[in-house]
Visitor: 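Input: one structure, supplied below.
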Amino acid sequence: MGFLSYMGQLAFLLRDLITAFQSGVWRLKLVAHEIVAIGFGSQAVVIVTGAFTGAVFTFQTYAKFKDFGVESTVGAIVSVALCRELGPVLAGLMVSGRVGAAMAADIGTMKVTEQVDALRVMGVHPVDYLVLPRFIAMMVSMPLLVAESIAFGLLASYVVAVHGYGVPEAWFLAHMREHTNMLDVGIGMIKGFVFGVIITIVACHQGLRAENGAVGVGVGTTRAVVISSLAMLICNFFLSILLNYLSPLGTGM
Amino acid sequence: MSADKTAPFIQIRNLKKRFGNQQVLSGINLDIRKGETLLIIGPSGEGKTVLIKHVIGLLRPDEGSVVVDGVEVNKLKERDLAPVRKRVSMLFQGGALFDSLTVEQNTAFPLIEAGVRDSAEITLRVREALEAVDLYEHKHKLPVNLSGGMRKRAGIARAIVGRTQCILYDEPNSGLDPIVADVIDRMILRMQKRYGVTSLVVTHDMGSVFKISDRVAFLKRGVIHFLGTPAELKASTDPEVRDFIEGRSGITS
Ligand SMILES: Nc1ncnc2c1ncn2[C@@H]1O[C@H](COP(=O)(O)OP(=O)(O)OP(=O)(O)O)[C@@H](O)[C@H]1O
Ligand SMILES: [Mg+2]
């Protein structure tokens, strides 16, 4: 029951958000501000995440692949994994911790200090003013952040394999190119987009319903991160099934 | 409706509201006429703030109705309330300033949201409002850096800047020194004279009751216990009213 009513509340928020989106009043100044805070500000986090994931993944697969004598194909497996799964998921988790928490805390504080009511009194719907700009900013930023994370992961993989283990550069790149294409990166970006939607809706919902002062804001912030992270992981599984069905693995161009 | 000068601007009928097992409002009936200044007095924690939040649709009544300028606000959905809210503004007891905006930006907010685009006009009207509350030299400060009284005055500036037809003040001069309190009282009078503003003022300051009010309502135990002119209030023989205006607690030491 609790779960159903929670989903209902998220659905109402989503509906309000769509109404706000369709109204055409997008407050581009706020959107720009949020893009700087969310997208630009999260770059370091996702770059480090992507790079070290790529590096450690290469390190481990290389050891095993060497037993089979196929160490030059490390690039292929790493790039598929990064593009389709690790890149979007890890970037999503990091952004949920960084951005989702901030959204829930910011909006929650405004709620408990009556600033949200002040908006309402001035005839400004809180979803229009607080949620929509963050939502648009996330839709723009998340796919790019995921792409960035993937790019740095691949770069780190290249460095570890070619310069660390001495895999011939030409082979590494050839296998990587043979087994991945823009579609894989596209899948990563689509996932990033969906995760962005999940993070924004969950975090803003927790913020808007915050109650009981500072304690309530703290509880809401924690929940925003936990719920959006779990929801992302679960969604990712089903999204993978769907996307792999639409574009099967292993058919390099 | 608006054509009839004597028609009440706000009409409250049998308003009831309960929180948990506490019956806060138990049948309020009150008319506020167009252009009058009505003061609400009453003991702390008796529901004055709850009452004015009903007028602007921030709270929904359990029973009864609130009609503002011919519109029944308790029947409207959040988005449909916007047109009414453009005609009524409110000062929150705690100020409810946006902490990410400076005093000047806070004051300009209702104008920008009401669709004023001419920046010269905005500057002029913001300056006028801030000068009326004696805060112009602090316009670049953020709310966190203001004193309690300054915060209240900034809230007042934000409430008056839009020159709405009706302004609800929740304790405009609590926490202010006697001189500034007088400045605020005169400003409320001036708004009434110059722009024909209807004002609903919640206050604990008996001085301003006799200075600015056309009528006074005394709220106790969830109902309007007394309603009349300041002169009638002074002449009232009701023991509870007398105790309140003379400030007697009944405790002897
Ligand atoms: N959201 C709420 N949930 C539960 N109780 C509430 C809520 N809002 C107000 N109350 C209760 O309603 C009563 C009236 O509160 P209100 O803020 O209207 O008092 P007030 O008359 O404005 O007092 P003061 O003069 O001190 O500002 C209080 O007992 C308060 O605890
Ligand atoms: Mg109050």
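Hydrogens, waters and symmetry mates are skipped; everything else that's a heavy atom, side chains included, is used. Labels below follow one simple rule: chain letters A, B, ... track the order of the sequence lines, proteins then strands, and each chain is numbered from 1.
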Visitor: Sort out for me which of A/Thr113, A/Val25, A/Thr109, A/Thr19 touches chain B most, counting heavy-atom pairs under 4.5 Å.
Guide: A/Thr19
Visitor: Considering non-hydrogen atoms only, spot the tightest contact between A/Gly123 and B/Ala82 and give its length.
Guide: O-CB, 3.8 Å
Visitor: For each of B/Arg79, B/Lys86, B/Glu113, B/Met90, tally heavy-atom pairs with chain A at distances under 4.5 Å, and name the one with the top tally.
Guide: B/Arg79
Visitor: At a heavy-atom separation under 4.5 Å, does B/Leu97 approach chain A through its side chain, its backbone, both, or neither?
Guide: backbone
Visitor: Under 4.5 Å heavy-atom distance to chain B, tell me which part of A/Met122 shows up: side chain, backbone, both or neither.
Guide: both
Visitor: Please report the shortest heavy-atom distance between A/Val121 and B/Arg85, naming the atom on each side.
Guide: O-CB, 3.3 Å
Visitor: By a 4.5 Å heavy-atom criterion (distance strictly below it), what part of A/Val124 contacts chain B: side chain, backbone, both, or neither?
Guide: side chain
Visitor: Measure distances from B/Phe92 to the heavy atoms of chain A and classify the residue's part below 4.5 Å as side chain, backbone, both or neither.
Guide: side chain
Visitor: Take atom NE2 in A/His33; do more than 12 heavy atoms of anything else shown fall under 6.0 Å from it?
Guide: no
Visitor: Go through the atoms of B/Ile56 and report whether side chain, backbone, both or neither lie under 4.5 Å from a heavy atom of chain A.
Guide: side chain
Visitor: Identify the heavy atoms of A/Ala118 and B/Arg158 that sit nearest to each other, and give their distance.
Guide: CB-NH2, 3.6 Å
Visitor: Looking at OH of A/Tyr129 and CZ of B/Phe98, how far apart are the two atoms once the value is rounded to the nearest 0.5 Å?
Guide: 6.5 Å
Visitor: For A/Tyr6, look at atom OH and say whether over 12 heavy atoms of other residues, nucleotides or ligands are found less than 6.0 Å away.
Guide: yes
Visitor: Pick one of side chain, backbone, both or neither for B/Val84, based on which atoms fall under 4.5 Å of a heavy atom in chain A.
Guide: neither
Visitor: Considering only heavy atoms, which portion of A/Asp106 lies under 4.5 Å from any heavy atom of chain B: side chain, backbone, both, or neither?
Guide: neither
